[in-house]
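Structure first, commentary second.
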Amino acid sequence: MSDRGLRRSRNEDAVALAAAGDAVVAVVSDGVSTAPRPDQAAQLAVETAVAVLTEQIESGADAAAATGTAMAAAAKAVAGLATGEHDAPACTYVSAVVAPQRVTVGWIGDSRVYWAAGTQAAHPSARLTRDDTLADGHSHVITAWLGADADAVEPHIETFHPGGPGAVIVCSDGLWNHLPEPAQMTAALLSGPSLAAARALVRVALDGGGQDNITVALLPYPPEVNIPK
């Protein structure tokens with residue numbers, strides 16, 4: 001789900017999901033509001049990345065390698081939107097590949113992935129990403145992003161083995177501003193991952209003031225591959 005929130009004139013977030021073999025992939029991007037055309041940057045980033053991720057995984061590529069390739073493709077596409085020194089659209093990036101035995105995440109910026117553990121999970125709820133900001137989790141001044149004015153992209157890629165059922169939450173800061181701790185995310189999921197649970201997460205942010213755009217992709221683990229291509 002993606003919501004404009006209560007204070008912004010437009011939604012500068014974007015989200016894309018797809019099935020890829022026995023995995024589900026999700027990409028979320030948050031346009032940098034101080035840059036021109038942030039909504040275009042975010043939309044192009046997720047569209048480019050989810051297409052590359054799907055193609056790479058279905059062709060047999062390792063999820064970590066596919067994640068790196070997709071991030072590089074998204075970075076190139078967003079950089080290509082620039083028309084000059086003072087016209088460089090920019091955005092954050094985060095992705096998750098939820099496969100039967102593992103979850104692979106990749107990110108640049110301060111959009112996040114959380115693991116929300118079910119009652120039988122071997123690993124407790126946790127944040128799976130670290131913010132590229134001046135102070136991780138305590139600042140919204142990002143130090144890395146996609147765009148023509150960014151430094152060379154140095155993607156972060158991690159693989160996580162949940163060891164039991166739960167949910168993977170891929171989101172923009174419009175959501176995690178209100179639920180920064182993994183336990184808070186887990187508690188907000190009601191009885192488990194579902195459309196109702198995704199709506200409940202968005203409602204928490206709206207009830208908290210909805211100052212920013214709010215985007216969340218809520219993926220069950222083990223994956224349920226029922227997303228139309």
Side-chain angles (χ1 to χ4, degrees), residues 1-2 11-31 38-81 89-109 111-116 128-129 144-147 150 153-162 165-172 175 193-195 197-198 215-229:
M1 297 189 67
S2 189
N11 193 345
E12 297 171 355
D13 286 356
V15 58
L17 300 98
D22 61 358
V24 177
V25 301
V27 185
V28 167
S29 180
D30 182 355
D39 53 332
Q40 293 182 30
Q43 189 64 43
L44 182 59
V46 301
E47 290 176 352
T48 300
V50 82
V52 172
L53 271 172
T54 302
E55 187 279 328
Q56 288 277 306
I57 292 170
E58 290 186 339
S59 67
D62 172 78
T67 296
T69 300
M71 294 170 78
K76 182 177 180 180
V78 173
L81 289 173
C91 59
T92 69
Y93 175 102
V94 67
S95 68
V97 179
V98 181
Q101 301 299 324
R102 62 185 60 86
V103 176
T104 302
V105 300
W107 73 96
I108 299 170
S111 294
R112 294 180 177 180
V113 179
Y114 288 84
W115 163 245
L128 303 183
T129 57
W145 59 90
L146 303 185
V153 173
E154 296 183 3
H156 311 289
I157 302 172
E158 302 283 351
T159 299
F160 176 70
H161 299 271
V168 176
I169 302 167
V170 188
C171 64
S172 66
L175 177 63
S194 66
L195 181 58
T215 299
V216 57
L218 178 58
L219 308 179
Y221 179 88
E224 297 177 5
V225 184
N226 57 6
I227 298 174
K229 296 182 182 179

Counting distance only, does the side-chain N/O of [X] pair as donor-acceptor with the main-chain N or O of [Y] below 3.5 Å?
{"X": "Thr48", "Y": "Ala45", "value": "no"}
{"X": "Ser95", "Y": "Ala26", "value": "no"}
{"X": "Tyr93", "Y": "Ala42", "value": "no"}

Quick one: closest heavy-atom pair of [X] and [Y], and the distance?
{"X": "Gln101", "Y": "Pro162", "result": "O-CD, 4.3 Å"}
{"X": "Met71", "Y": "Pro155", "result": "CE-CB, 3.2 Å"}
{"X": "Val15", "Y": "Ser2", "result": "CG1-CB, 4.4 Å"}
{"X": "Ala197", "Y": "Leu218", "result": "CB-CD2, 3.7 Å"}
{"X": "Val24", "Y": "Glu224", "result": "CG2-O, 3.7 Å"}
{"X": "Tyr221", "Y": "Pro100", "result": "OH-O, 2.8 Å"}

Can you tell me how far the [atom1] atom of [X] sits from the [atom2] atom of [Y], to the nearest 0.5 Å?
{"X": "Gln40", "Y": "Glu12", "atom1": "CD", "atom2": "CD", "value": "11.0 Å"}
{"X": "Leu146", "Y": "Leu81", "atom1": "CG", "atom2": "CG", "value": "11.0 Å"}
{"X": "Leu44", "Y": "Lys76", "atom1": "CG", "atom2": "NZ", "value": "12.5 Å"}
{"X": "Thr67", "Y": "Ile57", "atom1": "OG1", "atom2": "CD1", "value": "6.5 Å"}

- Message: Does either side chain, that of Asp13 or that of Thr215, offer a donor lying less than 3.5 Å from an acceptor on the other one?
- Response: yes
Decide yes or no for [X] and [Y]: does some side-chain heavy atom of the first lie under 4.5 Å from some side-chain heavy atom of the second?
{"X": "Tyr114", "Y": "Leu128", "answer": "no"}
{"X": "Ile169", "Y": "Val216", "answer": "yes"}
{"X": "Val103", "Y": "Leu219", "answer": "no"}

- Qualifying residue for side-chain contact (heavy atoms from CB on, under 4.5 Å) with Ser111, from Ser29, Cys91, Ser172, Cys171: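 Of the listed residues Ser29, Cys91, Ser172, Cys171, the side-chain contact (heavy atoms from CB on, under 4.5 Å) partner of Ser111 is Ser172.
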- Query: Which residues pass the salt bridge (Lys or Arg N to Asp or Glu O under 4.0 Å) test with Glu158, sequence neighbours left out?
  - Reply: Arg130
